[in-house]
2 protein chains.
Amino acid sequence: MQEIELTHVDCADCPIRHRAVCARCEAPELDQLEEMKYYRSFEAGQTIAWTGDKLDFVATMVSGIATLSQTLEDGRTQMVGLLLPSDFMGRPGREVASYDVTATTEVVMCCFRRRPFEELMRSTPHIAQRLLEMTLDELDAAREWMLLLGRKTAREKIASLLAIIARRDASLTRGVPSGRMEFDLPLTREAMADYLGLTLETVSRQVSALKREGVIQLAGKRHVSVPDFDRLMLETGDDTDGGMPV
Amino acid sequence: MQEIELTHVDCADCPIRHRAVCARCEAPELDQLEEMKYYRSFEAGQTIAWTGDKLDFVATMVSGIATLSQTLEDGRTQMVGLLLPSDFMGRPGREVASYDVTATTEVVMCCFRRRPFEELMRSTPHIAQRLLEMTLDELDAAREWMLLLGRKTAREKIASLLAIIARRDASLTRGVPSGRMEFDLPLTREAMADYLGLTLETVSRQVSALKREGVIQLAGKRHVSVPDFDRLMLETGDDTDGGMPV
DNA sequence: CGTTCGTTTGAAGTTAATCAAGACGAGTGG
DNA sequence: CCACTCGTCTTGATTAACTTCAAACGAACG
């Protein structure tokens, strides 16, 4: 696993500090974290961990996108999680990776040595409380995703994925999602298929169909613009009354 | 909502005390919990909460089975969680139900008034730590389920569900799952379909197929016996090397 | 200029959904 | 005891959705 060694960044200057697992930590706790942390980076396409690997660290995503996925005996794979900046990877109390973790883009992670981190979690409640919040949010996202996998049509799945990416993009820059929106797809067609429980051909066909009907426009294969976000939302099959569980 | 009023049970005598959210609580914390708790029971088929309902309590399942489910505009529904004895319902910090919660069998819950419970969580780390563990386990289960929903065939889905129920049943009574096993299905065909992202007709057909081929035997519609658990496992599509993530 | 990777598109094949009867079992009431 | 009903489940025929297999396109790269 070739990696680039990174210079140390002060927690105080960290871009995702207020959203990560360390969000509620004060100066003395941050000092402890500083001591057990180190940065690692991974190239696009590189595997960060295989299921069953022993991991001697847990980590926070600093930049880039990574995926969690599971595979059946015969190679069918399903993505089960998406790691975005500020997301947490690894499980305190478990030494072994439960999923394949893969860098989709170039990724930088802030890693904490497992033992000291677990010790810190026991001694300071802030971290466990924050991690609980983040885990509950992930569980909600996983359940939304289960509805998509179990009950949505291919077209609805694609529309839902586009809406999710558009919404996340908007929350980082502009404000409320509405009207015209533009963004880049951070995933290949195959990765989209693994996310949605489809084949890559079906993904391609449905994207083409949405384009043909004017729900979206494409510039190149990856840049999407949505002329009318509400129109896209209609295609997702979700409740219209905007009842996202926060 | 008609309910039966229940007599108070001491935490010390509680059958699921060592597995629930209060598992790590000591005497003084249990005393605080005693003060904010009350029991409620629900009949089979009764709705415990609708999505969007304001809930002034969180709760631990004492006995029975309940389901969490989500519904699309046009009525397609997907089960997203199963509440078994000792499982926790509700989210600290959220006033509103995110899912429809339905009693499948008769259900008894140990409810905690929301405000005092949240206060207790802030003041004592044991509860948050235990809830974090339980939530991480649920997240693992949800991701296993996503693999099932996204990538398994109807036959594999049915086999997987039967294996899950058989395994849970064994863990409550006997030891390691193997050889001959028997259990009752706690779900109707329709509930199984909502769990697996199938129609009830497909569920019925695949159950019949597994019976026809001798993988399972049926006594009545609900009582299943599995002559050879390993044979059933082969039908699930999962890795054979028994790598369940704990 | 040829190769590779990601993608699109077409034709054929398969799975599971849908539509439609009917069977079974457990009450209920005459 | 029997006829009736209701909910649940099974089975069959047909259809729709998605996958599979196959070919080819185009941009990026050496």
Side-chain angles (χ1 to χ4, degrees), chain A residues 43-46 65 67 72 74-78 102 104-105 148-162 184-213 216-224 235 237, chain B residues 43-46 72 74-78 102 104-105 148-162 184-213 216-224 235 237:
Chain A
E43 303 162 21
Q46 210 180 340
I65 297 181
T67 63
L72 294 173
D74 60 1
R76 284 171 284 173
T77 86
Q78 173 66 51
T102 310
T104 294
T105 64
L148 176 147
L149 290 172
R151 293 302 187 192
K152 288 190 178 180
T153 64
R155 183 186 177 90
E156 289 168 340
K157 286 178 175 180
I158 298 288
S160 299
L161 177 57
L162 294 175
D184 283 309
L185 285 176
L187 305 172
T188 65
R189 297 286 184 264
E190 186 178 18
M192 290 171 68
D194 284 345
Y195 186 103
L196 300 171
L198 298 170
T199 59
L200 66 91
E201 294 96 328
T202 301
V203 170
S204 181
R205 277 184 244 275
Q206 295 296 338
V207 170
S208 298
L210 288 175
K211 177 186 172 190
R212 198 179 317 122
E213 297 169 32
I216 60 173
Q217 290 150 12
L218 294 181
K221 307 293 187 190
R222 297 291 194 86
H223 190 83
V224 179
E235 300 288 352
Chain B
E43 303 163 20
Q46 210 179 339
L72 295 173
D74 60 1
R76 284 172 284 172
T77 86
Q78 174 65 51
T102 309
T104 294
T105 63
L148 176 148
L149 290 172
R151 293 301 187 193
K152 288 190 178 180
T153 64
R155 183 186 176 91
E156 289 168 339
K157 286 178 174 181
I158 298 288
S160 299
L161 177 57
L162 293 175
D184 282 309
L185 285 176
L187 304 171
T188 64
R189 296 287 184 264
E190 186 178 18
M192 291 171 68
D194 283 345
Y195 186 102
L196 300 171
L198 297 170
T199 60
L200 66 91
E201 293 96 328
T202 300
V203 170
S204 181
R205 276 185 244 276
Q206 297 294 339
V207 169
S208 297
L210 289 175
K211 176 185 171 189
R212 197 178 318 123
E213 297 169 32
I216 59 173
Q217 290 151 11
L218 293 181
K221 307 294 184 187
R222 295 291 193 87
H223 191 82
V224 179
E235 298 289 351

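Order of the sequence lines sets the chain letters (A, B, ...), proteins ahead of strands, with each chain counted from 1.
- Between L198(B) atom CG and dT10(D) atom P there is a gap of 14 Å when expressed in whole angstrom units.
- Note on R222(A): only backbone sugar-phosphate atoms sit closer than 4.0 angstrom, heavy atoms only; bases stay farther off.
- Residue K221(B) contributes atom NZ, which lies 12 Å from atom C1' of dG7(D) at whole-angstrom precision.
- Between S204(B) and dT8(D) there is no side-chain polar atom (N or O) within less than 4.0 angstrom of OP1 or OP2.
- Look at CE on M192(B): it is 9 Å from P on dC9(D), rounded to the nearest Å.
- In this model, the phosphate group of dT19(D) is approached by a side-chain N or O of T202(A) to a distance below 4.0 Å at OP1 or OP2.
- Nearer the 5' end of DNA chain D, as judged by each residue's closest nucleotide, is the contact made by L200(B), out of K152(A) and L200(B).
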Please tabulate, one pair per line, each protein N/O and nucleotide N/O from nucleotides 21-23 of chain D that are separated by under 3.5 Å, including the distance.
residue: dC21(D); atom: N4; partner: E201(A); partner atom: OE2; Å: 3.2

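- Residue T188(A) is in sugar-phosphate contact alone, with no base atom involved, counting any heavy-atom pair closer than 4.0 Å across all strands shown.
- Counting non-hydrogen atoms of other residues, nucleotides and ligands closer than 6.0 Å to CD of Q217(A) gives a total above 12.
- Counting non-hydrogen atoms under 4.0 angstrom, G45(A) reaches nothing in the nucleic acid.
- In this entry the distance linking CG of L196(A) with P of dA17(D) reads 18 Å, nearest Å.
- Between L185(B) atom CG and dT8(D) atom P there is a gap of 15 Å when expressed in whole angstrom units.
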Exercise answer: donor-acceptor pairs, residues 197-206 of chain A side-chain atoms, under 3.5 Å, sequence neighbours excluded:
residue: T199(A); atom: OG1; partner: T202(A); partner atom: N; Å: 3.3
residue: T199(A); atom: OG1; partner: T202(A); partner atom: OG1; Å: 3.0

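- A straight line from CD1 of I158(A) to P of dA17(D) spans 16 Å, rounded to a whole angstrom.
- Qualifying side chain to side chain contact (heavy atoms under 4.5 Å, CB included) partners for K221(A), counting only residues two or more places apart in sequence or in other chains: R189(A).
- Taking every heavy atom of both residues into account, I216(A) and V207(A) meet most closely at CD1-O, 3.9 Å.
- Projected onto DNA chain D by closest heavy-atom contact, V203(B) and V203(A) fall at different nucleotides, the more 5' of which corresponds to V203(B).
- At a threshold of 4.5 Å between non-hydrogen side-chain atoms, the residues T77(B) and L72(B) do not count as touching.
- Remark: side-chain polar atoms of T105(A) are paired, donor with acceptor, to backbone N or O of I65(A) under 3.5 angstrom.
- T104(B) approaches A44(B) most closely through the heavy-atom pair O-CB, 3.6 Å.
- Taking the 5' to 3' direction, DNA chain C first and last meets chain B under 4.0 angstrom from a heavy atom at dA16(C) to dC19(C).
- With sequence neighbours excluded, no residue satisfies side chain to side chain donor-acceptor pair (under 3.5 Å) with T188(B).
- At distances below 3.5 Å, at least one donor-acceptor pair connects side-chain atoms of Q78(A) with backbone N or O atoms of Y195(A).
- Within the structure, salt bridge (charged side-chain N to carboxylate O under 4.0 Å, His left out) contacts touching residues 151-161 of chain B (residues at least two apart or in different chains) are R76(A)-E156(B), D194(A)-R151(B), K152(B)-D238(B), R155(B)-E213(B), R155(B)-E235(B).
- Rounded to whole Å, the distance from CG on L218(B) to P on dT11(D) is 10 Å.
- One can place CG of L149(A) at 13 Å from P of dC18(D), the figure rounded to the nearest angstrom.
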